[in-house]
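Structure first, then comments.
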Amino acid sequence: MNQDTKLARFLEFLEVGVEAPTLAYLNKLVEVHQKKVRWETITKFIDFEEGKREDYYLPSIDAYLDRVVDQGTGGTCWTLARGFHYVLDALGFEVEYLYMDPGHLCLQVMLNQPYYVDIGYCAPLYRAYPLLHSFTAENELEVFRYEVRENDILVTREPGPAKILGKNPVPFEELIPHILNSHDWQDGFGLRSLKVFGYIDDKPYQVKENKLITFHEKTTIEKELSAEEVLYWIEEKFGMDFSLYERAKEIYDKRKG
């Protein structure tokens, strides 16, 4: 299957067509991507265990597109931003990478001005935002504050950590050390636990290990799940291939005990 066909299948999965590269179209793509593509560590466990260092333990673009469409996965910020970069570039957008310290990848899209695009942060970011303008976004999950300063941008989350976003695009080659550093069985954020986060009926949900986490007024409510309930949430609610979860669980038990 050629790249054009894969891109068409991905857009069909998102339920959007091909349009001119405008801000309105970009916002549409961001919103549907946020609501349909999962942030999850399942594939990160598999890719690190079975992948290659020379590939930075990331799936190929072909594998990524196939996984999202056929198996209901997504990835962490590294995989999601790289995949969305490919999609936007193929659709005619001028798109580059932005790095947020510590350890986060997002995008800049240039239209009439640079825009900040972030589909890998599990934050309430349902559209592109002017890169050099401060803003606040909020939902039942959190308050997300984006403060433009003289030399950088301070991103704070309540609840959550603070990070620093650079204002200048970064070539992929400079990101490789950060990508490799994210692959650490002991300390890597994406390898701390098996997690799937996503929107179901426009509401955020997360399955973490054997717990279902729901969000209400900036607080979390946890409910323990039976094995049958984990299967139901992963397969039926999140729409993921449960065999991937089972493989990741094997790796988790082996590596993390």
Side-chain angles (χ1 to χ4, degrees), residues 1-19 21 25-48 50-52 54-100 103-109 115-123 125-128 169-176 178-180 182-183 189-190 195-199 238-241 244 248:
M1 187 177 296
N2 63 39
Q3 293 299 100
D4 288 343
T5 303
K6 286 182 180 291
L7 177 61
R9 290 182 67 238
F10 188 83
L11 294 178
E12 182 180 7
F13 171 81
L14 295 182
E15 298 182 278
V16 296
V18 176
E19 300 179 21
Y25 185 42
L26 176 61
N27 285 337
K28 183 189 299 185
L29 290 165
V30 170
E31 180 178 8
V32 296
H33 193 286
Q34 287 282 59
K35 293 181 177 179
K36 297 206 65 162
V37 181
R38 309 310 187 188
W39 190 100
E40 44 83 10
T41 64
I42 307 306
T43 54
K44 191 172 183 73
F45 274 85
I46 296 170
D47 289 337
F48 189 28
E50 302 178 355
K52 299 178 181 178
E54 57 265 34
D55 297 328
Y56 325 118
Y57 306 108
L58 297 178
S60 68
I61 293 298
D62 282 1
Y64 170 73
L65 296 175
D66 284 342
R67 276 180 177 176
V68 170
V69 173
D70 297 329
Q71 297 178 295
T73 70
T76 64
C77 67
W78 310 105
T79 302
L80 293 169
R82 186 166 172 253
F84 203 46
H85 182 288
Y86 168 83
V87 170
L88 293 179
D89 181 68
L91 291 171
F93 287 96
E94 183 181 339
V95 55
E96 297 180 274
Y97 292 109
L98 292 172
Y99 178 69
M100 195 182 291
H104 180 66
L105 186 60
C106 48
L107 303 173
Q108 173 185 290
V109 175
Y115 284 87
Y116 162 67
V117 171
D118 201 336
I119 43 76
Y121 210 4
C122 301
L125 303 173
Y126 308 119
R127 63 182 179 88
V170 179
F172 185 81
E173 291 71 25
E174 291 184 19
L175 296 167
I176 291 171
H178 301 296
I179 296 171
L180 292 176
S182 76
H183 293 89
F189 172 76
K195 291 191 286 188
V196 180
F197 173 90
Y199 292 88
F238 283 111
M240 288 181 57
D241 183 338
L244 293 178

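Only this structure's heavy atoms are used, side chains among them; waters, hydrogens and symmetry mates stay out.
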### Query
Taking only residues at least two apart or on different chains, which pairs with a member in residues 10-19 satisfy salt bridge (Lys or Arg N to Asp or Glu O under 4.0 Å)?
Glu15-Lys36, Glu19-Lys28
## Note on the structure
In this structure, CH2 of Trp78 is separated from CD1 of Ile176 (nearest 0.5 Å) by 11.5 Å
### Query
If you count the non-hydrogen atoms of other residues, nucleotides and ligands that lie under 6.0 Å from CZ in Phe189, is the total more than 12?
no
#### Entry: is_close_aromatic(Phe172, Tyr56), centroid dist under 6.0 Å
yes
### Query
Sub-3.5 Å donor-acceptor pair from the side chain of His85 to the main-chain atoms of Leu107, do we have one?
no
### Task
For Thr41 and Lys44, indicate whether the former's side chain and the latter's backbone hold a donor-acceptor pair under 3.5 Å.
no
### Task
Start with the C-alpha distance between Val37 and Val32, add both sets of side-chain angles, then the distance that settles side-chain contact (heavy atoms from CB on, under 4.5 Å), and finish with yes or no.
CA-CA 8 Å; Val37 181; Val32 296; over 6 Å; no
### Message
With rounding to the nearest 0.5 angstrom, report the OH to CG distance, Tyr25 to Leu88.
### Response
9.0 Å
### Query
Taking all atoms of both residues into account, what is the closest heavy-atom pair of Thr79 and Gly74, and its distance?
CG2-O, 3.8 Å
### Message
Taking side-chain contact (heavy atoms from CB on, under 4.5 Å) as the definition, give me every residue that meets it alongside Glu94, ordered by chain and number, with sequence neighbours left out.
### Response
Met110
### Query
Tyr64 versus Arg82: any side-chain heavy-atom pair under 4.5 Å?
no
### Query
Quick one: does Phe93's side chain get under 4.5 Å of Val87's, heavy atoms only?
no
### Task
Run the salt-bridge test on Asp241 and Arg67 with the 4.0 Å N-O cut-off and return the result as yes or no.
no
#### Entry: Test: Lys52 cationic atom under 6.0 Å from Tyr57 six-membered ring centre, within 45° of axis
no
### Query
Would you call Glu174 and Tyr97 a side-chain contact if the rule is heavy atoms closer than 4.5 Å?
no
#### Entry: Test side-chain contact (heavy atoms from CB on, under 4.5 Å) applied to Leu65 and Arg9, step by step
CA-CA 8 Å; Leu65 296 175; Arg9 290 182 67 238; over 6 Å; no
### Task
List for me each residue that meets salt bridge (charged side-chain N to carboxylate O under 4.0 Å, His left out) alongside Glu54, sequence neighbours excluded, and say none if there are none.
none
### Message
For a quick test of reading the model, state the closest non-hydrogen atom pair linking Gln34 to Ala123 and the distance between them.
### Response
NE2-O, 3.5 Å
### Query
Shortest non-hydrogen contact from Cys122 to Trp39?
SG-CG, 3.3 Å
### Query
Quick one: side-chain contact (heavy atoms from CB on, under 4.5 Å) partners of Cys106, sequence neighbours excluded?
Leu98, Met100, His104, Tyr116, Asp118, Leu165
### Message
For a quick test of reading the model, state the closest non-hydrogen atom pair linking Cys77 to Gly120 and the distance between them.
### Response
CB-O, 3.4 Å
### Message
Quick check: closest heavy atoms across Leu80 and Arg38, and the distance to 0.1 Å?
### Response
CD2-O, 4.0 Å
### Query
What residues form a side-chain contact (heavy atoms from CB on, under 4.5 Å) with Ala128, not counting sequence neighbours?
Leu23, Leu26, Asn27, Tyr115, Val117
### Query
Hey, is the main chain of Gly190 close enough, under 3.5 Å, to the side chain of Thr76 for a donor-acceptor pair?
no
### Task
Any chance you could measure Tyr99, atom OH, to Ile179, atom CD1, to the nearest 0.5 Å?
10.0 Å
### Message
So, using side-chain hydrogen bond (donor to acceptor under 3.5 Å, both in side chains) as the criterion, who are the partners of Thr43 when residues are at least two apart?
### Response
Glu40
### Query
Less than 4.5 Å apart, any side-chain heavy atom of Val30 and any of Ile119?
yes
## Note on the structure
Closest non-hydrogen contact found for Gly198 with Phe238 is N-CE2, 3.5 Å
### Task
Answer yes or no: is there a side-chain heavy-atom contact under 4.5 Å between Leu11 and Leu91?
yes
### Message
Could you check whether any side-chain heavy atom of Lys6 comes within less than 4.5 Å of a side-chain heavy atom of Asp62, counting everything from C-beta outward?
### Response
yes
### Task
Please step through side-chain contact (heavy atoms from CB on, under 4.5 Å) for the pair Met240 and Ile42, ending with a clear verdict.
CA-CA 10 Å; Met240 288 181 57; Ile42 307 306; 4.0 Å; yes
### Query
Parallel under 30°, tilted from 30 to 60°, perpendicular over 60°: which one fits the rings of Tyr199 and Phe197?
perpendicular
## Note on the structure
Separation between NE2 (His33) and CZ (Phe13), nearest 0.5 Å, reads 8.5 Å
### Task
Please report the C-alpha distance between Asp47 and Leu58 in whole Å, then the side-chain angles of each, then the deciding distance to 0.1 Å, and finally whether the side-chain contact (heavy atoms from CB on, under 4.5 Å) criterion is met.
CA-CA 6 Å; Asp47 289 337; Leu58 297 178; over 6 Å; no
